[in-house]
Amino acid sequence: MSAEERTRRFPQPMCPVRAGDPCSLCIPGASGPQDCPIVQLVMDDPELRERAHELRRAARRRQG
Ligand code: SF4
């Protein structure tokens with residue numbers, strides 16, 4: 001299976017806190033956004049969660 005086929009079959013999850021970027025497993029021990037401690041911290045804080053949401057919306061608009 002080529003890398004392109006793998007990406008198509010198993011799409012990379014997007015990082016909820018790095019708007020527009022796929023999860024790059026930048027936090028040691030995280031296996032994706034589902035168990036990332038940074039994502040958990042941001043989502044637990046109402047202001048940070050709203051700001052992350054705004055940034056994701058802006059990134060989607062940029063990507064068209
Ligand atoms: S490990 Fe966490 S902070 Fe890093 S890219 Fe993935 S979801 Fe985002």
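Only heavy atoms go into these numbers, but all of them, side chains included; no hydrogens, no water, no symmetry mates. Read the numbers this way: they start at 1 and go in the same order the structure lists the ligands and their atoms.
- The main-chain N or O of D35 is never found under 3.5 Å from a side-chain atom of Q40 such that the two would form a donor-acceptor pair.
- Residues P16 and A52 share a closest heavy-atom pair of O-CB, 3.8 Å.
- Distance check for C23 against atom 8 (Fe) of ligand 1: none of its N/O/S atoms falls below 2.8 Å.
- Remark: E47 CD is loosely packed, at most 12 non-hydrogen atoms of other residues, nucleotides or ligands lying under 6.0 Å away.
- Between the side chains of R49 and H53, no donor N or O sits under 3.5 Å from an acceptor N or O.
- For ligand 1, the atoms closer than 4.0 angstrom to any heavy atom of V39 are 7 (S).
- Salt-bridge check for R51 with E54: passed, with a basic side-chain N closer than 4.0 Å to an acidic carboxylate O.
- Considering only non-hydrogen protein atoms, atom 4 (Fe) of ligand 1 sits nearest to C26 SG, 2.3 Å.
- Protein heavy atom closest to atom 8 (Fe) of ligand 1, with residue, atom name and distance, is C15 SG, 2.3 Å.
- Of all the heavy atoms of L25, the ones lying under 4.0 Å from any atom of ligand 1 belong exclusively to the backbone.
- Residue contacts to atom 2 (Fe) of ligand 1: C36 brings an N, O or S atom closer than 2.8 Å.
- Expressed to the nearest 0.5 Å, how far CD of Q12 lies from CG of D21 amounts to 10.0 Å.
- Comparing S24, P33, S31 by heavy-atom distance to atom 5 (S) of ligand 1, the nearest is S24.
- Atoms of ligand 1 found under 4.0 Å from any heavy atom of R18, numbered from 1 in the order shown, are 5 (S).
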